Protein chains: 2
Amino acid sequence: MEEEGATTVSSRVLAQRVGTTAAQVRKDLSLFGTFGTRGLGYEVRSLRERLREILGLAQEWPIALIGAGRIGSALFEYPNLRRRGFEIVTILDRDPRKIGRSWDGVRIRSIDEVGEVIERLRIKVALVAVPASEAQGVVDRLVGCGIRGILNLAPARLRVPDGVTVNEVDLALELEVISYALGARGTVPGEIRQDVTSDP
Amino acid sequence: MEEEGATTVSSRVLAQRVGTTAAQVRKDLSLFGTFGTRGLGYEVRSLRERLREILGLAQEWPIALIGAGRIGSALFEYPNLRRRGFEIVTILDRDPRKIGRSWDGVRIRSIDEVGEVIERLRIKVALVAVPASEAQGVVDRLVGCGIRGILNLAPARLRVPDGVTVNEVDLALELEVISYALGARGTVPGEIRQDVTSDP
DNA sequence: TACCTTTTGTGAAGGTTTTCACAAACTCGT
DNA sequence: ACGAGTTTGTGAAAACCTTCACAAAAGGTA
Ligand SMILES: NC(=O)c1ccc[n+]([C@@H]2O[C@H](COP(=O)([O-])OP(=O)(O)OC[C@H]3O[C@@H](n4cnc5c(N)ncnc54)[C@H](O)[C@@H]3O)[C@@H](O)[C@H]2O)c1
Ligand SMILES: NC(=O)c1ccc[n+]([C@@H]2O[C@H](COP(=O)([O-])OP(=O)(O)OC[C@H]3O[C@@H](n4cnc5c(N)ncnc54)[C@H](O)[C@@H]3O)[C@@H](O)[C@H]2O)c1
């Protein structure tokens, strides 16, 4: 919206864009403070800035990529991560044939250097793209080195201690959700909402 | 569990495995019927079979992959999709340099053949891995050809008519969720639950 | 300034989901 | 066949989330 030149936006328009209701937008925002001006709406630029702060996105996050395989390579070349404030600053693998190579200037290092690298680069978040059978072991090492957040691409359920955030992305599971939805036994909760607000 | 040789499982153990409570497991299952035996629990094999039916996974799903790029290639080589019942049976792209090649025996075809291919192979679900700017156009064509479910990897909000299910996976968004969680402003809803049931 | 219009922020109402807790139904060993 | 021990299935209670609806606060106009 900023790029479109809008300086101000109402909860109704915001709701339309993200697929929810105006009341929901206002209630959600109200949980973090008061951002709008009555009769006018929200100032686009300042709302964006406040939200970036709330989400912890005011800073750049350095990321460690674990697993220099097919999906790891695709992720590394995915420009959207950097545009959204996440930069893969180190790549760790176990395969001696990969260690020592560089991708676009970023060296692939041995997983054994994990502690040193994470400390030196002050990395808090890791992207895990190793085979499922390796995932728990890798995650244990990461957590031992002080990693606080993990985005796990491997189809494995991870155990981590309290205070560590894990987010799992399982594409096969997402297809299963679609499979269930097509069975037409009602609507799937969590499906993208396409309806639109109906405030006055 | 079947592979581990278990023949029977209680709601408590199921809950531990998936990270929820025993009561939740029982209530959820009860919405679809009655599966267990009092005093004993659930028979692993038959529960698995019933769940596969409920989720629509008794059949194999043929899938169309749209976009033979970096992520498309990684997905195509991802063996877990097939293991979970989804098989990429056609690949469609726009780039003349890619059209005509084959990946592991599957030809890359022109996106213009979408209608013919989808009908012939009876495809209902597509994986969309084209640039964000192309996503809506591609999806419109897919929907026009009778596709009913879409798993969208492009960071674009899609509009589809009623009756079409869209599931979006946005890795940058998942990292943003972690970023917020690390801000320690309370716990993130939807975070992986690690606690354990405490039924009697 | 007074008045009309717009839109927020938020209690209260309404709806949904999760948890509790227990009778009923089963197993198993004797 | 029985009794002790499990574990389910499920109403009812509690917790949580969304929607409603409106006073309050702002901008614009004359
Ligand atoms: N390919 C996909 O599209 C895709 C999609 C979703 C999820 N996944 C999952 O992502 C993971 C990786 O998939 P992939 O296709 O890239 O596999 P891959 O075999 O191409 O790559 C795995 C990489 O991990 C490295 N590795 C293995 N053990 C390691 C360890 N202990 N420490 C450090 N590095 C180690 C390997 O050397 C290899 O480079 C798998 O769990 C897969 O299920 C893949
Ligand atoms: N690379 C990643 O790790 C990654 C991760 C998540 C999401 N994504 C998203 O997935 C999409 C693809 O990413 P990529 O890295 O594979 O890009 P890419 O440029 O490597 O591949 C895109 C492919 O789509 C094809 N294409 C373009 N327009 C098309 C059209 N109208 N019809 C059919 N095919 C068309 C191109 O010819 C190309 O082969 C992007 O939207 C990207 O944001 C990528």
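Just so we're clear, the structure is a prediction, and the values are computed from it rather than from any experiment. In the text below, chain A, chain B and the rest are named by the order of the sequence lines, each starting its count at 1.
For the pair A/K27 NZ and D/dC17 C1', the computed distance is 10 Å after rounding to whole Å. Nucleotide D/dT7 holds its C1' atom 7 Å from the CZ atom of B/R26, rounded to whole Å. Rounded to an integer number of Å, the gap from CZ of B/R12 to P of D/dT8 is 9 Å. In this structure, A/F35 places its CZ atom 15 Å from C1' of C/dT10, rounding to the nearest Å. Atom CG in B/L29 sits about 15 Å away from atom C1' in C/dT18, given to the nearest Å. Atom CD of B/E43 is separated from atom P of D/dT7 by 16 Å (rounded to the nearest Å). Regarding A/D28, its CG atom lies at a distance of 14 Å from the P atom of C/dT8, rounded to whole Å.
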List the protein contact pattern of nucleotides 23-30 of chain D with one symbol per nucleotide (5' to 3'): B for base contact, S for sugar-phosphate-only contact, - for none; contact means a heavy-atom distance under 4.0 Å. BBBS----
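Residues passing the ring-ring contact (aromatic ring centres under 6.0 Å, His included) test with B/Y78: none are found, sequence neighbours excluded. B/R97 meets the salt bridge (Lys or Arg N to Asp or Glu O under 4.0 Å) test with B/D95; sequence neighbours excluded. In terms of the side-chain contact (heavy atoms from CB on, under 4.5 Å) criterion, residue partners of B/I99 (sequence neighbours excluded) are, by chain and number, B/S110. With sequence neighbours left out, B/D170 forms a side-chain hydrogen bond (donor to acceptor under 3.5 Å, both in side chains) with A/R84. Remark: B/R17 pairs with B/E4 by the salt bridge (Lys or Arg N to Asp or Glu O under 4.0 Å) rule, at least two apart or across chains.
OP1 and OP2 of D/dT6 both lie 4.0 Å or more from every side-chain N or O belonging to B/Y42. Contact between the side-chain N/O atoms of B/T34 and the OP1/OP2 oxygens of D/dG9 is found at a separation under 4.0 Å. Applying the 4.0 Å criterion to OP1 and OP2 of C/dT19, one finds that B/Q24 has a side-chain N or O inside that range. The phosphate of C/dT8 (OP1 or OP2) has a side-chain N or O of A/S11 nearer than 4.0 angstrom.
B/W61 and B/F86 have parallel rings, their planes meeting at less than 30° on a 0 to 90° scale where 60° marks the start of perpendicular.
Applying the side chain to side chain donor-acceptor pair (under 3.5 Å) test between A/Q24 and each of A/T20, A/T21, A/D28 identifies A/D28 as the sole match.
Set against C/dT19, D/dG9, C/dG9, the side chain of A/S30 has C/dG9 as its closest nucleotide.
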